J.: 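Sharing a structure with you now.
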Amino acid sequence: MLLSIDSFLILEKLVLIVVVVMSSLVIAMYATYAERKVAAVMQDRRGPNRAGPSGIFQPLADGLKLFFKEEIIPDFSSKFLFILGPCLAMLTAMMTGAVIPWGNKIHFFDRDIPLQIADINIGILYVFGVVSMGVYGIMIGSWASNNKFSLMGGLRAASQIISYELAMGIALIALLMTSGTLSLKEIVEQQQAHWYSWNIIKQPLGFLIFLICAFAECNRTPFDLAEAENELIGGYHTEYSSMKLGFYLFAEYINMFLSGSVMVSLFFGGYDIPFVNDAALADNIGVNWIALIHTALFFFKAACFLFLFMWVRWTIPRFRYDQLMNLGWKILIPLALLNMLVTGAVILFQQNNWHF
Amino acid sequence: MSIVEILFWFLSILALGGAAMVVASKSPVHSILYLILTFFAISGHYILLNAQFLAIVNVIVYAGAIMVLFLFVVMLMNLNADSEPQQKNKWLLYIGGIAGGSLLLVIVAALKQTAATTQLVQMNNGDAGLIKNLGMVLFTEYVFPFEISSVLFLSAMIGAVVISKKEA
């Protein structure tokens, strides 16, 4: 029954939502610190080291600085839309977390509480819907700034996101053909059996395409043309200051973390512990402890993706815009189509017991 | 009122109000933003009907892709109230109002006759809109119309490529 209300259910979901939002905010906060440290290590520097032991309070200092900066709303800009832009960017960044299974379930007060906000029928399509909404935060903000460089940055970001969404979707179709479901929870559960049942083994090319597209969707180097400072000043957030700028920058880190989480759930077994029979372990040490291990492992896997994002940023230079479009339309989409066709053919042969 | 009814009325008002503001607002960019709001309200209606797949596809395709392209064009052309041709002819307004009002009257009269008045919407039941059932129906019972519409899309795509090549 849709919308049948149970007050305890609302309470548990509310707690879960608060925890997920808070933890993604904190992780994004410390991702900024990690990014500066990773950059420093790669460039033989020390990185932030003044605020607290080895700079551990640097994100707090950054946040305080952003809050205390003067807030400027340019003349001749649409004030409501100017404020709406960063809000939308932040909102859409946070919404993805709703369908990701952070762990299996915990058992408290005689109830099984699943560690997922919503296990909906359309699962991964919801993520796509939210990603396509993310474009609006950038476009509205860039247009409302009333600055041509901002507008160019916004247009670049939007066309890039739309172009790479296609290849991403087609790469995902191949994965969905092997799993036969859209629900992220079921996709993760299918990967629990062995370490080789992870989808990365079945769909290596699909994962590669998905990863490249995820870089493009997050506007990260090598695809950060929307904010190419030598061409466009600051890109779509040129006119932004104070915490509104902070929201845009912050949304990027939340997007990185959540796209890492989506990739972990889709391709790397989600919260699965490799080389361990999870069900047997759960019988040994109890449901709650295994949930703790699962969630910790999930965050560790997502953190590995965060590191990958940073590693690439400080290693690879930016693409030119025509190269970006060529890569998206002429290389990734045909590759993804090929991957889809091959996967479909293999599945058909398998169902037919390899009789041609 | 049950929560479904409250949601229904809220979404209906949102959709109709958004649609009215699309026509009424001066700036084309605002019009598009209201249109996006309308699409979201309609997606909400789909969810109330338990048609989750249709709802999310509406968000991805219409609100997510097509409206972005609209927004692109309008932002690049930088249309605003100054560049829009001002409507001077008062008679045109009256005639338009009368014609639209008559159309509304005809539609209302026609809908009053149908059986739909007793049962406005079937909420909460049926899972025909879930993706598995929808896929089964599309690829068995309705496979021919489905394929025909895909041919239509293909021809539209080729047409778009041809037109853009000629212009370039």
Side-chain angles (χ1 to χ4, degrees), chain A residues 1-5 10 76 78 80-81 84-85 88 92 95 99 118 120-146 148 150-152 154-163 165-166 168-169 176-177 180-183 186 236, chain B residues 2-8 25-30 32-33 35-37 39-40 43 46-80 122-127 129-135 161:
Chain A
M1 186 77 173
L2 186 76
L3 295 175
S4 61
I5 303 298
I10 291 187
F76 307 113
S78 164
F80 175 69
L81 293 182
L84 184 70
L88 267 184
T92 51
M95 271 166 67
V99 290
I120 45 178
N121 188 272
I122 42 175
I124 188 68
L125 283 182
Y126 168 86
V127 176
F128 270 75
V130 172
V131 166
S132 58
M133 285 302 104
V135 185
Y136 286 116
I138 292 174
M139 280 196 87
I140 289 173
S142 69
W143 181 77
S145 303
N146 200 25
K148 61 182 169 191
S150 293
L151 184 61
M152 288 312 290
L155 293 179
R156 277 186 176 190
S159 50
Q160 171 183 330
I161 290 176
I162 293 178
S163 312
E165 221 168 63
L166 291 175
M168 200 180 203
L176 296 178
M177 286 198 295
T181 174
L182 288 174
S183 157
E186 280 175 42
Y236 57 88
Chain B
S2 73
I3 194 150
V4 176
E5 276 178 62
I6 296 171
L7 280 174
F8 173 79
S25 66
K26 290 264 187 254
S27 148
V29 171
H30 286 131
I32 291 175
L33 296 178
L35 194 54
I36 295 165
L37 190 71
F39 279 134
F40 266 95
S43 278
Y46 286 142
I47 289 176
L48 282 186
L49 295 168
N50 214 8
Q52 303 178 2
F53 181 70
L54 206 55
I56 200 70
V57 166
N58 189 39
V59 167
I60 294 175
V61 174
Y62 284 93
I66 293 180
M67 284 299 112
V68 168
L69 295 182
F70 271 47
L71 209 55
F72 252 141
V73 173
V74 171
M75 281 178 177
L76 278 181
M77 298 206 308
N78 202 17
L79 295 171
N80 48 39
Q122 286 197 320
M123 281 176 184
N124 264 359
N125 52 21
D127 44 8
L130 297 187
I131 185 161
K132 209 159 217 156
N133 308 324
L134 198 67
V161 171

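A quick note: this is a predicted structure, and the numbers were derived from the prediction, not measured. Note that these values count all heavy atoms, side chains included, but never hydrogens, waters or copies made by symmetry. Quick note on labels: first sequence line is chain A, next is B, and so on, each numbered from 1.
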J.: Which region of Y136(A), side chain (C-beta onward) or backbone (N, CA, C, O), has a non-hydrogen atom less than 4.5 Å from a non-hydrogen atom of chain B, or is it both or neither?
T.: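 The side chain, not the backbone.
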
J.: Answer with side chain, backbone, both or neither: which region of S159(A) has an atom nearer than 4.5 Å to a non-hydrogen atom of chain B?
T.: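 Contact with chain B is through both the backbone and side chain of S159(A).
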
J.: Applying side chain to side chain contact (heavy atoms under 4.5 Å, CB included), name anything that partners V59(B), two or more places apart in sequence or on another chain.
T.: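 For V59(B) the side chain to side chain contact (heavy atoms under 4.5 Å, CB included) partners, ignoring immediate neighbours, are M133(A), F40(B), S43(B).
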
J.: Need one label for I162(A): side chain, backbone, both or neither, based on atoms under 4.5 Å from any heavy atom in chain B.
T.: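 Contact with chain B involves the side chain of I162(A) alone.
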
J.: Does atom CZ of F72(B) have more than 12 heavy-atom neighbours, drawn from other residues, nucleotides or ligands, at distances under 6.0 Å?
T.: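 Yes - once you tally the heavy atoms of other residues, nucleotides and ligands closer than 6.0 Å, there are more than 12.
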
J.: So F39(B) and Y62(B), would you call those rings parallel, tilted or perpendicular, with 30° and 60° as cut-offs?
T.: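 Ring orientation of F39(B) relative to Y62(B): tilted.
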
J.: Report which part of L84(A) has an atom under 4.5 Å of a heavy atom belonging to chain B: side chain, backbone, both, or neither.
T.: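 It is neither, since no heavy atom gets under 4.5 Å.
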
J.: Is there side-chain contact between Q52(B) and Y126(A), with heavy atoms separated by less than 4.5 Å?
T.: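 Counting from C-beta outward, Q52(B) and Y126(A) never come under 4.5 Å.
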
J.: Which atoms of L151(A) come close to chain B, meaning under 4.5 Å heavy atom to heavy atom: side chain ones, backbone ones, both, or neither?
T.: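 Side chain only.
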
J.: Working to the nearest 0.5 angstrom, can you tell me the gap between I138(A) CD1 and L88(A) CG?
T.: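 Reported value, rounded in 0.5 Å steps: 11.0 Å.
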
J.: So which part of L81(A) gets closer than 4.5 Å to some heavy atom of chain B, the side chain, the backbone, both or neither?
T.: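 L81(A) touches chain B through side-chain heavy atoms alone.
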
